[in-house]
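One structure is given below, encoded as structure tokens.
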Amino acid sequence: MGAKSKTDTGLQGFPNAYWKYMVAPALVGLGNPSNAFLILRTPDIGVYLETTILIYAAFNLVAALIIFLIAYLGFALTQHLLLIAALFVFYGAY
């Protein structure tokens, strides 16, 4: 049998301040519908399944090419604190 890791504390090991902090992201997550729910609306307006798949693929392609390209390329090329901060905000808005 292997030795148990000292960092394996389980959920009870997190301090109360952590759980208080996690309330805000949890509430935002509940109130922010995922992209899948948005794309599920397309049949209601008469869009074929194949077209829905293409729409979602285009969304992911644009997000990957534009958002990730700008953010990661910016992170790789800059040495300026303000630009790094702006890139984090830009990436966070995504």
Side-chain angles (χ1 to χ4, degrees):
M1 302 285 159
K4 191 171 183 177
S5 171
K6 291 183 180 184
T7 59
D8 185 17
T9 59
L11 295 177
Q12 297 82 13
F14 290 100
N16 286 337
Y18 171 79
W19 294 111
K20 289 177 184 177
Y21 169 78
M22 289 306 295
V23 169
L27 291 175
V28 169
L30 288 174
N32 186 12
S34 71
N35 297 328
F37 287 121
L38 297 175
I39 207 72
L40 286 174
R41 175 147 161 46
T42 58
D44 294 341
I45 59 172
V47 176
Y48 292 110
L49 177 61
E50 293 83 4
T51 306
T52 299
I53 292 169
L54 289 174
I55 292 169
Y56 197 57
F59 165 79
N60 285 311
L61 181 64
V62 168
L65 287 177
I66 293 178
I67 302 298
F68 294 130
L69 177 69
I70 291 170
Y72 288 110
L73 191 60
F75 288 133
L77 297 177
T78 189
Q79 298 289 322
H80 295 86
L81 175 61
L82 289 178
L83 188 52
I84 293 287
L87 286 166
F88 267 109
V89 170
F90 171 74
Y91 190 57
Y94 165 73

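Numbers here simply count residues along the sequence, with the first being 1. Quick caveat: nothing in here was measured; it's all calculated off a predicted structure. The figures here come from the full heavy-atom set of this structure, side chains too, leaving out hydrogens, waters and symmetry mates.
Cluster annotation: Ile53 is not connected to Val47 through the hydrophobic network of ILVMFWY side chains, with a link wherever side-chain heavy atoms come within less than 4.5 Å. Cluster annotation: Leu54 and Leu40 are assigned to distinct hydrophobic clusters (Ile/Leu/Val/Met/Phe/Trp/Tyr, side-chain heavy-atom contacts under 4.5 Å, transitive). When hydrophobic clusters are built by joining Ile, Leu, Val, Met, Phe, Trp and Tyr residues whose side-chain heavy atoms come closer than 4.5 Å, directly or via intermediates, Leu83 is not grouped with Leu69. If you chain together hydrophobic residues whose side chains sit under 4.5 Å apart, Phe59 and Ile67 never meet in one group.
Rounded to the nearest 0.5 Å, atoms CG (Leu82) and CG (Leu87) are 11.0 Å apart. Annotation: the span from Asn60 atom CG to Ile55 atom CD1 amounts to 12.5 Å, rounded to 0.5 Å. To the nearest 0.5 angstrom, Thr42 atom OG1 is 13.0 Å from Tyr48 atom OH. In this structure, CG in Leu61 is found 13.0 Å from OH in Tyr56, a value given to the nearest 0.5 Å. Atom CZ of residue Phe75 and atom OH of residue Tyr72 lie 7.5 Å apart, to the nearest 0.5 angstrom.
Counting heavy atoms from C-beta outward, Tyr91 and Ile70 have side chains that stay 4.5 Å or more apart.
Crowding of Asn16 atom CG: a count of heavy atoms from other residues, nucleotides or ligands under 6.0 Å not exceeding 12. Around atom CZ of Phe68, more than 12 heavy atoms belonging to other residues, nucleotides or ligands sit under 6.0 Å away.
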